[in-house]
Amino acid sequence: MSVLEIRDLHVSIDTDQGTKEILRGVDLTIRSGETHAIMGPNGSGKSTLAYTIAGHPRYTVDSGSITLDGEDVLEMSVDERARAGLFLAMQYPVEIPGVTVTNFLRTAKTAVDGEAPAIRSWIKDVNASMAKLRMDKSFAERNVNEGFSGGEKKRHEILQLELLKPHFAVLDETDSGLDVDALKIVSEGVNRAKENTDLGVLLITHYTRILRYIKPDHVHVFVAGKVAEEGGPELADRLEDEGYDRYLSAATDA
Ligand SMILES: Nc1ncnc2c1ncn2[C@@H]1O[C@H](COP(=O)(O)OP(=O)(O)O)[C@@H](O)[C@H]1O
Ligand SMILES: [Mg+2]
């Protein structure tokens, strides 16, 4: 049983116009096996939270803490975070020219586990996961994200999730740009990871659609860089009906 704890997190970035504060006091606690949906309007800081957990150098933590089973995550390098069991599926996965999916996955697995996977069982695992995600075998020989469709990029993120077996996964808008069939396939992959490894999930999404397939235990509404409201799955249903207007006018009034 693991716990990822975020306490009063304040994060800013440097822009041409000076320093911009984006996260303004985020509190979140996620335990193994739990799925937390982070929902909120565009620009509310959801991706900033995801990148900060993963350790992207662009984001400066001004105050607050992130701990994993009491260990200070903010003191860890990006690699150390991955080895500690943190995983980020990016909203906009990046191209890695000259690196095939096969090589990328094997290198990542070796880095995360601290030793190379046994070749025969590894190939079996990769093929099985690709088949379940309805990915053609030829996919393995393509360069990472180069010319991938939106759906292929997201499947590749979930393929990594299934193979790397992290303790906590941050999934940043994994539903964006997916048609219903791809959404189901990707969601099934996340649900398999949940069942097989007691994964804790931070599911970032603008829309409630994916929550029909991946059931959240907790829903947090993110507005202007912090959690504005929390509840159970019923909160997502209400957002489906009402949208974010209520929170946005409250944030402007404040
Ligand atoms: N690299 C960046 N440069 C400039 N502004 C940024 C950068 N990253 C985020 N922001 C700004 O921070 C705010 C939050 O962005 P983001 O975390 O991407 O929100 P969300 O994922 O909820 O849409 C936005 O106003 C966005 O313009
Ligand atoms: Mg985002």
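We count ligands from 1, going down the list as the structure has it; atoms in each ligand are counted the same way.
- When heavy-atom distances to ligand 1 are checked against a 4.0 Å cut-off, Glu173 has no atom that comes that close, whether in backbone or side chain.
- Note: Tyr51 OH to Leu23 CG = 13.5 Å, rounded to the nearest 0.5 Å.
- A perpendicular orientation is assigned to the rings of Tyr59 and His56, their planes being inclined by more than 60° (bins at 30° and 60°).
- The closest approach between Gly225 and ligand 1 stays at or above 4.0 Å for every heavy atom of the residue.
- An N or O contact shorter than 3.5 Å links Gly43 to ligand 1 by distance.
- Shortest non-hydrogen contact noted between Ser129 and Leu163 is OG-CD2, 3.8 Å.
- Contact record, Gly40 with Lys46: O-NZ, 3.0 Å, taken as the closest heavy-atom pair.
- Between the CD1 atom in Ile210 and the OG1 atom in Thr205 there is a gap of 6.0 Å [rounded to 0.5 Å].
- Looking only at heavy atoms of the protein, atom 6 (C) of ligand 1 is closest to Ile13 CD1, 3.2 Å.
- Under a 4.0 Å criterion applied to the non-hydrogen atoms of Asn42, ligand 1 contributes the atoms 23 (O).
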Determine, step by step, whether Lys194 and Thr35 satisfy the side-chain hydrogen bond (donor to acceptor under 3.5 Å, both in side chains) criterion, reporting the C-alpha distance in whole Å, the side-chain angles of both residues, the deciding distance to 0.1 Å, and the verdict.
-> CA-CA 9 Å; Lys194 280 172 53 169; Thr35 297; 2.8 Å; yes
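- Residue contacts with ligand 1, taken as heavy atom pairs separated by less than 4.0 Å, do not involve Tyr51 at all.
- Taking 2.8 Å as the limit, the number of protein N, O or S atoms around the Mg ion (ligand 2) is 2.
- For ligand 1, the polar-atom distance check finds no N/O of Thr15 at less than 3.5 Å from any of the ligand's N/O atoms.
- Assignment of Gly45 to the shell around ligand 1 is supported, since a heavy atom sits closer than 4.0 Å.
- Looking from atom 8 (N) of ligand 1 to the surrounding protein, the closest heavy atom is Tyr59 OH, 3.5 Å.
- At least one donor-acceptor pair under 3.5 Å links the side chain of Arg155 to the backbone N or O of Leu133.
- Here the heavy atom of the protein found nearest to atom 18 (O) of ligand 1 is Ser47 CB, 3.6 Å.
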Between Glu188 and Tyr213, is a side-chain hydrogen bond (donor to acceptor under 3.5 Å, both in side chains) present by the stated rule, with each step listed?
-> CA-CA 8 Å; Glu188 282 165 15; Tyr213 303 102; over 6 Å; no
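- Nearest to atom 1 (N) of ligand 1 by heavy atom, out of Lys46, Arg58, Met39, is Arg58.
- Under a 3.5 Å cut-off, the side chain of Lys226 and the backbone N or O of Val223 do not form any donor-acceptor pair.
- Proximity of a side-chain donor or acceptor of Glu34 to a complementary backbone N or O of Arg31 within less than 3.5 Å is detected.
- Note on residues 101-125: pairs passing salt bridge (charged side-chain N to carboxylate O under 4.0 Å, His left out), not counting sequence neighbours, are Lys109-Asp113.
- Looking at atom 26 (C) of ligand 1, its nearest protein heavy atom turns out to be Lys20 NZ, 4.0 Å.
- Between the choices Ile22, Thr48, Asp172, Val223, the shortest heavy-atom distance to atom 12 (O) of ligand 1 belongs to Ile22.
- In summary, the atoms of ligand 1 found under 4.0 Å from a heavy atom of Pro41, numbered by their order in the structure, are 22 (O).
- For an aromatic pair to be called close, the ring centres must be under 6.0 Å apart, and Phe87 with His167 fails this.
- Asn103 places no side-chain N or O within 3.5 Å of a backbone atom of Val99 that could act as its donor or acceptor partner.
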